[in-house]
Number of protein chains: 2
Amino acid sequence: MTKLDRIDRRILAELQSDATISNLELAERVGLSPSPCSRRVRQLQERGLIDRTVTLLNRDKLDLTLTIYIQVHMANQLTKTLDNFELRVSEFDEVQECALVTGSDADYLLKVVMPDMAHYEKFLLKQLNQIDGVASIRTSFVLRQVLSRTELPLKHVN
Amino acid sequence: MTKLDRIDRRILAELQSDATISNLELAERVGLSPSPCSRRVRQLQERGLIDRTVTLLNRDKLDLTLTIYIQVHMANQLTKTLDNFELRVSEFDEVQECALVTGSDADYLLKVVMPDMAHYEKFLLKQLNQIDGVASIRTSFVLRQVLSRTELPLKHVN
DNA sequence: AAAATATTGGAATTATTCACCAATGACAAA
DNA sequence: TTTGTCATTGGTGAATAATTCCAATATTTT
């Protein structure tokens, strides 16, 4: 695992903000000719720094106007209970994030998107609450999404 | 604003999971020939359903091993205070998400990434706590990232 | 300073995209 | 059912872009 130089970092920064640009354009922006530029991109993929490239869709246009953070407290911390919870939660494609966090013994933090309250109510009662080991649930509705970024900071690297 | 048909949905689903595939490949997967396929993609962009396409980097490879959720409670809910907080927070590129959420009168939920605790301590004391109007801060460290998805569910559409 | 190694840039080949147009299919009215 | 209208499709060719190869340049090591 070798270090990233200045050019690698600039390539990553560009692709993080817009992956649709051509290799020619990218090469120009980072100050390289096309061939070494595409080679570097390939190497960054092979080295695992580039995970994947995806298109991000517009939530509102897809009728997903509600974003909700949910804190789930579990009744116990048995591996079987937690594994099962994580498996079940991963099957819901409204769940954008799920993390086991510090706080109590076993707390999950979920971020979900929904069309409206009716769907959310159903999700909470019929899906989340039905999972074994769920002790309590605390919901925070997003009033205003101030910031949502996929770009990671590169300044800490190397 | 017209509806999305079966093919539009399949295009969005494919691009959400992998935006690197060629139009030829995409066309084949959705059961269309290349030209109408690329036209549909362009129209989906023009209609605003496609927001942007980005590459996602590997947090660990960038030495960003800590993910932290922070609940910030504000001392008041004056527009000036909140606007200032949101502006300042947006300037930190370690902040991946920031949302004003229900719960108390004025609570923000942040998601930040950091290399380690030393950086986090500095971030908390020197940056976040220095912002005017911040009353209290509660931190949850991510022990295990169970799920992190950028794909939005398409089943609710239309 | 010299040798070894890695990286670069240009030319040619290969692949891909985009625009144009005829043809097909869906839909509405008679 | 038939006819006309409209939108959508699929193929073709021109333009654009990506990738491979190789010689030249730069960088590192001894």
*Step by step, would you call A/Asp8 with A/Arg40 a salt bridge (Lys or Arg N to Asp or Glu O under 4.0 Å)?*
CA-CA 7 Å; A/Asp8 288 324; A/Arg40 276 173 183 260; 2.9 Å; yes
*Does B/Glu14 come within less than 4.0 Å of B/Arg10, counting only side-chain N to carboxylate O?*
no
_Donor-acceptor pair, side chain of B/Thr55 and main chain of A/Ala19, under 3.5 angstrom_ =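 No: the side chain of B/Thr55 does not pair with the backbone of A/Ala19.
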*A/Arg6 CZ to C/dT8 C1': how many Å, rounded?*
16 Å
*Would you mind building the protein contact string for nucleotides 6-28 of chain D? One character per nucleotide, 5' to 3', B for base within reach (heavy atoms under 4.0 Å), S for sugar-phosphate only, - for untouched.*
--SBBB-----SSSB--------
What donor-acceptor contacts under 3.5 angstrom involve side-chain atoms of residues 124-135 of chain A, with partners at least two apart or in another chain?
unit_1	atom_1	unit_2	atom_2	d
A/Gln130	NE2	A/Leu125	O	2.9

*asked:* Run the side-chain hydrogen bond (donor to acceptor under 3.5 Å, both in side chains) test against A/Glu86 and tell me which residues pass, sequence neighbours left out.
replied: A/Tyr108, B/Arg144
